[in-house]
Amino acid sequence: MNILAIGAHPDDIEHNCGGTLAKYAKLGHKVFTATATNGNIGSATLPMEEIAAIRKEEARRAAALIGAEYICLDYDDEMFFEDKAARYAFIDLVRYCKADVILTHSPEDYNPDHELTSKIISDIPVMIPIEKIKTKNPAYDKIPVIVYFEPAHGLGFIPTEYVDITDTIETKIAMLSEHKSQALWMQDNYKGTYDDGDFFEEARAISRYRGIQCGVKYAEGFRMANDAFRVVPYRVLP
Ligand SMILES: [Zn+2]
């Protein structure tokens, strides 16, 4: 299968489904990662263009660890709004990846970029095969399955599916480790607060918690979005 994971910001994907993507890649599936924005406000000191370039390179390196390709739609961080161009950009991205499965944010999350990414992705599966909707990459004959990953801190999220990531948790942490600018940013901003600015603690803690829920060491939790489109029930998660 072709798998597309799209988050709003560089590092969202690695936090929420990095272990699952590593597992897909290990099983021989083709994996793409993408972000709607370029994360250009993710530094207190660097100019916007500079931090955007750094974060895109970090996301590219994280993807490369599992042989995945990273694509950035280059919207401004926290200034991403829905319009016709955004819908076309998302359709074109999905067509470029010829995605069978798309992993993205939950519809309800703390951040407007997260929620809008989820909304646009949730809106477009039926448009993917329609040739009258013209994009740079051609339509393909498939309605991708949408899977939602955890919102921030797992708040209010009851998974319906779990993926055992016990054998890929360290790859997930390694992918996160590529986001050096954000690990520093967290330390600068959250030292002395609930997680002491530890960029990796939440990823480990939530993966462990989801593991406890499903009886393995580490897991990631998901919910299926568009079950109605699945004519034959099948499991698309690894
Ligand atoms: Zn984010």
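Whatever order the structure lists them in is the order used to number ligands and atoms, beginning at 1. In what follows, every heavy atom counts, from backbone to side chain, and hydrogens, waters and symmetry copies are set aside.
Geometry at the Zn ion (ligand 1): OD2/Asp12 and NE2/His114 form an angle of 90°, nearest 10 degrees.
Between Asp123 and Lys119 there is a salt bridge, since a side-chain N of the basic residue sits under 4.0 Å from a carboxylate O of the acidic one. Between Asp167 and Lys26 there is a salt bridge, with a side-chain nitrogen of the basic residue lying less than 4.0 Å from a carboxylate oxygen of the acidic one.
Contact annotation: the side chain of Lys172 never approaches that of Tyr218 to less than 4.5 Å [non-hydrogen atoms, C-beta and beyond].
Here Asp11 fails the criterion, with no N, O or S atom under 2.8 Å of the Zn ion (ligand 1). Put simply, His9 gets within reach of the Zn ion (ligand 1), with an N, O or S atom under 2.8 Å from it.
For Phe149 and His105, the ring centers sit closer than 6.0 Å to each other.
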